[in-house]
Structure formats: structure tokens, C-alpha cells
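A short write-up of the structure that comes next.
Chain naming here is simple, since letters A, B, ... match the order of the sequence lines and numbering starts at 1 in each.
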Amino acid sequence: MLNINILRENPDLVKEGGRKKHIPCDEAVDCILDLDEKRKKLLFESEELRAAQKKVGKEIATLEGDEKQAMIAEMGEIAGRIKAYEKELGPLEEELESQMLLVPNIPAPEVPDGKTDEDNVLVREWGEVPQFDFPIKDHLEIGEELDLIDMKGAAKLAGSRTYILKNEGALLELAVLQFTLNHLVEKGFSPMLVPTLVRREPMVGTAYFPGGEEQAYACERDRKYLIGTSEVPVTAYHSGEILAEADLPRLYAGYSTCYRREAGAAGRDTRGLYRIHQFNKVEQVVVCRNDDEESLRFHEFILANAEEVVQALELPYRVVNVCGGDLGQPQIQKFDIETWMPSRDSYGETHSASRFHDFQSRRLDLRYRDEAGKVHFCHTLNNTAIASPRILISILEINQEADGRVRIPDVLQSYMGGREYIGPK
RNA sequence: GGAGAGGUGGCUGAGUGGUCGAAAGCGGCGGAUUGCUAAUCCGUUGUACGGAAAAUUAUCUGUACCCGGGGUUCAAAUCCCCGCCUCUCCGCCA
């Protein structure tokens, strides 16, 4: 949520930001400014009435008998007027709030113009795209041959876009996750295993709702939602709190299973482990001071951490600066890491590093007190550290050998009992 | 799932209809004292939104907030209803 002062002082900046993101918000902004004016006026008038009511109320407390009864009768009228104001103000503030939740964050100037992911701008590439001198298999063929992946078995149990990891496939996933978590712990992150089924508030606070309801599994009976990322519970962890500046930054490595309905993606990426309803992810979450430069530094930091992980796994990747149209509502800027996937003959998105300024903090009421005693909204950021099994696509395909075996990346071998290869049984 | 107790400021905890933004203690901050530290004493100590004054660290003032949402009343932390959460006992259970 934006500071409403930005809308008051510079509505065109907000509208322009919406256009860059291809999330038009002209109407919402105008509507908010209109509601805001009305609200101010009503609030001022009703507060004056309340002041009078409180003052007289104190007098009534000291009176007795007829005098008291007369006063009470007189105040009945004021009480009625106050009620009338409340009746008008209530729905107005609700509408104002819900409109504010729809206004997108303003993208940074460094965000390139563009409409879709095709307009994202290449920042850098790392690693050599592998050349094979034998006909390659995709991860699913490899997985089925080596008895690592079972899609049909999963479909029987759970329907489309599900999977079963077996044997070394299961071990490989755990290895990747644990290696990554350890890497982040070494970097100073606190590992966090968090609830995956949460209330509405964290979903709204992190800006997945309203708007993203279609993408989330809802447990309606209990009015709870399955998270699509541990960003949700981890970022919301300190909601409603005022942290001490000395306790910032907070670096968290959230680990959780993630659930996504993939609504609107019917028919897309239907083969294999690329687009599935459930996966596991280690996520970096940063809560820091309200400072553009600091935010920017942490953005680079979490991006670098993720790159280190991919590099350690020996996977070629590229970093792209995500264009306006491919940016979500809450982000200021986003960098994606796309990792090479031979079967796609291209890079596939595996990581996404976002910075939000205080957009999420305002919704979450996540603040800190500075040395001088002043209270500010924090800045928040997050980035994937690793998401599996999607990353297994690259690992299995890139490390396949002519004889059908798959080489296990060096850094994972110790997590898999020291083995170097996954081979046929 | 059944029965009971409870949710008050950073923390502990008082407050059962009016002068309560809320006692007291702890903690924090400022000051005094002090070779240093500790102890002691004095003062101060929430957030949001608005107004006035001053203008770029201050001040005065109004309103709201005592888990959340409704209600009763001239007046609600205090009474009533709904929800959420915590604790205890019983049952069930990975």
C-alpha cells in the first residue's frame, strides 16, 4: 500500500507508475482523492462533536437529580448526530481502504519499459550452455528411466500437475534444499520453518490479496489459505510490531512447501516438473530500514546469494531486469534468475528477487523505531534461494551422460552419502 | 470435540459504567550524585489521524485506540452478543 500522501501530492506519478506496469489505476487514484476529501471533512466535524460530548459527559458525572436529567436529555441529540456521522464515515473508510489496496507500487526508474517477459532486459549471463554429443533426454525421461520421478502415480493420487519423487530423486531434492539452507545460514540468515496454512491477513499484508485469490488454494471451512511462498508468513512474522532499529536488518531463510493453483495456465508447461501445484522452496526475506540505498544494497545481496547457489550447483544462468508489464502490483523492481534447461533449449525462470520499499510494511503495519525515537515503516525484500523440483530439471538434464547416468553436482554429493552418480538400478 | 479460566501500555499487573490514555512496579530515556561501575534520588516514557503555533530534531491542542467486530447508554477498558487467540482439565491423536 502506498502512503496516501503520495497520491495527494503527486497523483500523476502514481498513475504513470500504473501505466508502466500495465496496471492502470487512474480511476482508483481519482476515486481515492475524492473519498479522502470527504473523509477529512466528516472526520473533522464528528471529532468536534465528540469533543463536546466528552466535555459535557464529565460535567454530567458531577451533577445530581433534575439538573442531571436535563443535561442527559440534551446530550441525546448530540449522540444521535455522532451516530449519523459514524454511519456515513464507516462505509466511506472501508471503500477508501479497499481502493488503496488496489493501487500498485511505483516502479523504479531503472525498470525497463515493456509488456511481457519478452521485454525483460538481460543483465548478465554466467556459465557455459552445455553442448551434448549424444541425443539428450528431458528430465522426465531421465527421471522415469532411473526411477526418480513418477507422474502417473501422482496423477492417480492427486490429479494433474503433481509428481512423486522417488529414490535418488527424493534425496536429490532434499540435498538441494538443505545445501541452500546451509548456505544462507552461513550468510547470516535465520532459518525459519513456518505455517503453510495461514489467515487472510498475511495474504493481504504481503499483497497477494486482493487480486491473487485465484492462484491460492483456500480452505473455506476454516477461512485459511495455503501459501504460494514462505515470503507470506515470514514477511508477516513481525506484522503489527515496532522493532528496534538496532535489531535491523532481519535476515530470514524461510523454508516451506508452496502451493499454487496455476489458474489461467491451462495447457502451458504441462510436461514434467516445470509448472506444478506443489513444490518446496527456500526463500530469503529481508526486513530493513526505510532507506532507498539500503534497500538497493540488500536487493543486490539477495540476488548475489541466489547466484552463488546456482553457481555452486554448476548451472548456467542469466539474470534479467524485469520490465514494467511483467512486474507485479507490489514491487518496485524485480530481477529474475533464469537457469538453463536443455529440454526447453532456453533459460527457465527459477528465482525472483523483489524489493518493495514500504509497500508491504504499510499493509502489515511492520515498523521500527530509529535512534531518535521516530517510527518508520520498514522496507522488505525477498528472493528465492532455491525452488525444487523445478531446479531438478536443470540439474538432471545438464548432468546427464551418454551412458544414461546423471552426475551429482559436487556440493550435493555429501548430502547424498558421498555418491557421485545416479545410475540405473 | 467437552468443561472451565482469561486476553489491559515494551513487560508484570491494578482497574466492574463517568474526572481513565489508564494506578503501581519493572524496563527504557534524560538529569543529579559518584575516582569508574553499581546503588540511590528526581524527572520523563505509546501509536495513528487532524488543528494551532514554530518553521526543518522541539511545543500546545482535538479525536481514536485497553484482542477484533457489532450492540446497550447522555457516557464503555468496565455491561451484552459474535469472532479470534492463550491457558488448565478431560477425550482423541501423528
* **Identity of whatever pairs with B:U19 - Watson-Crick or G-U, under 3.5 angstrom** => none

* Nearest-Å distance for atom pair CD/P, residues A:E94 and B:G68 -> 17 Å

* With A:D365, which residues qualify under salt bridge (charged side-chain N to carboxylate O under 4.0 Å, His left out), at least two apart? -> A:R367

* Asked: A:H357: what forms a ring-ring contact (aromatic ring centres under 6.0 Å, His included) with it, not counting sequence neighbours?
  -> A:H379

* Asked: For atom C1', what is the distance between B:C66 and B:U8, given to the nearest Å?
  -> 4 Å

* Structure fact -> In Watson-Crick or G-U wobble terms, with both distances under 3.5 Å, the base opposite B:A75 is none

* To do: Taking atom C1' in both B:G17 and B:A22, compute the distance separating them and give it to the nearest angstrom.
  => 15 Å

* Asked: Paired with B:A38 by Watson-Crick or G-U wobble geometry, both distances under 3.5 Å: which nucleotide is it?
  -> none

* Identify whether any heavy atom of A:R8 sits under 4.0 Å from a base atom; if not, whether one sits that close to sugar-phosphate; answer base, sugar-phosphate or nothing. => sugar-phosphate

* Could you please name the partner base of B:G9, counting Watson-Crick and G-U wobble pairs only when both distances are under 3.5 Å? => none

* Taking only residues two or more places apart in sequence or in another chain, which ones pass ring-ring contact (aromatic ring centres under 6.0 Å, His included) with A:H238? -> A:Y252

* To do: Using the P atom on both, measure B:C67 against B:A76 and round to a whole Å.
  => 15 Å

* **Whole-Å distance separating the CG atom of A:L43 from the C1' atom of B:G50** => 7 Å

* Asked: For atom C1', what is the distance between B:U45 and B:G9, given to the nearest Å?
  -> 11 Å

* Complementary nucleotide of B:C66, counting Watson-Crick and G-U pairs under 3.5 Å -> none

* Structure fact -> ring-ring contact (aromatic ring centres under 6.0 Å, His included) filter on A:F179, not counting sequence neighbours, yields none

* For A:E241, which residues count as a salt bridge (charged side-chain N to carboxylate O under 4.0 Å, His left out) partner, sequence neighbours excluded? -> none

* Write down the distance separating the P atoms in B:A77 and B:G18, rounded off to the nearest Å. => 10 Å

* Between the main-chain N or O of A:I302 and the side-chain N or O of A:N383, is there a donor-acceptor pair closer than 3.5 Å? -> yes

What pairs of nitrogen or oxygen atoms, one from the protein and one from nucleotides 56-62 of chain B, lie under 3.5 Å apart?
residue : atom : partner : partner atom : Å
B:G62   : N2   : A:E47   : OE1          : 3.3

* Please measure how far the P atom in B:G6 lies from the corresponding atom in B:C80, and state the result in whole Å. => 12 Å

* **A:E262 bridged to A:R161 by N-O distance under 4.0 Å** => no

* Round to a whole Å and report the spacing from CG of A:D358 to P of B:A48. => 14 Å

* **Residue A:Q53, side-chain heavy atoms: nucleotide from B:C49, B:G51, B:C74 that is nearest** => B:C74

* Pairwise P distance for B:A32 and B:U37, with rounding to whole Å -> 13 Å

Atom pairs and distances, side-chain donor-acceptor, residues 323-337 of chain A, under 3.5 Å, sequence neighbours left out:
residue : atom : partner : partner atom : Å
A:D326  : OD2  : A:N120  : ND2          : 3.3
A:Q329  : NE2  : A:L101  : O            : 2.7
A:Q329  : NE2  : A:L102  : O            : 3.4
A:Q329  : NE2  : A:V103  : O            : 3.3
A:Q331  : OE1  : A:G328  : N            : 2.8
A:Q333  : OE1  : A:R355  : NH1          : 2.7
A:Q333  : NE2  : A:N321  : OD1          : 3.2
A:D336  : OD1  : A:S352  : OG           : 2.9

* Residues in ring-ring contact (aromatic ring centres under 6.0 Å, His included) contact with A:H22, at least two apart in sequence or another chain -> none

* Asked: Which base sits across from B:U88 as a Watson-Crick or G-U pair, both distances under 3.5 Å?
  -> B:A3

* Asked: What string of B, S and - do you get for nucleotides 8-20 of chain B, 5' to 3', when a contact is any protein heavy atom under 4.0 Å?
  -> ----------BS-

* May I ask you to check whether A:H277 and A:Y259 place their ring centers less than 6.0 Å from one another? => no

* Asked: The side chain of A:R367 lies closest to which of these nucleotides: B:A48, B:C74, B:G50?
  -> B:A48

Polar atom pairs (N or O), protein with nucleotides 77-85 of chain B, under 3.5 Å:
residue : atom : partner : partner atom : Å
B:C84   : O3'  : A:R199  : NH2          : 3.4
B:C84   : O2'  : A:R199  : NH2          : 3.0

* To do: Rounded off to whole Å, could you give me the CD1-to-P distance for the A:I78 and B:C74 pair?
  => 13 Å

* Please state how far atom CD in A:E45 lies from atom P in B:G51, giving the value in whole angstrom units. => 14 Å

* Check whether the ring centres of A:Y225 and A:Y208 lie less than 6.0 Å apart, and answer yes or no. => no

* Asked: From B:G50, B:C74, B:U47, pick the nucleotide closest to the side chain of A:V375?
  -> B:U47

* Considering only the P atoms, how many Å lie between B:C85 and B:G10, rounded to the nearest integer? -> 23 Å

* Structure fact -> When both distances are under 3.5 Å in a Watson-Crick or G-U wobble arrangement, the nucleotide paired with B:A52 is B:U59

* Give a yes or no on whether a salt bridge exists between A:D119 and A:K115, defined as a side-chain N under 4.0 angstrom from a carboxylate O. => no

* Which nucleotide, in any strand shown, forms a Watson-Crick or G-U wobble pair with B:U33, with both distances under 3.5 Å? -> none

* List for me each residue that meets salt bridge (charged side-chain N to carboxylate O under 4.0 Å, His left out) alongside A:K41, sequence neighbours excluded, and say none if there are none. => A:E45

* Quick one: salt bridge (charged side-chain N to carboxylate O under 4.0 Å, His left out) partners of A:D292, sequence neighbours excluded? -> none

* When the distance from CD of A:E86 to C1' of B:G71 is rounded to whole Å, what number comes out? -> 12 Å

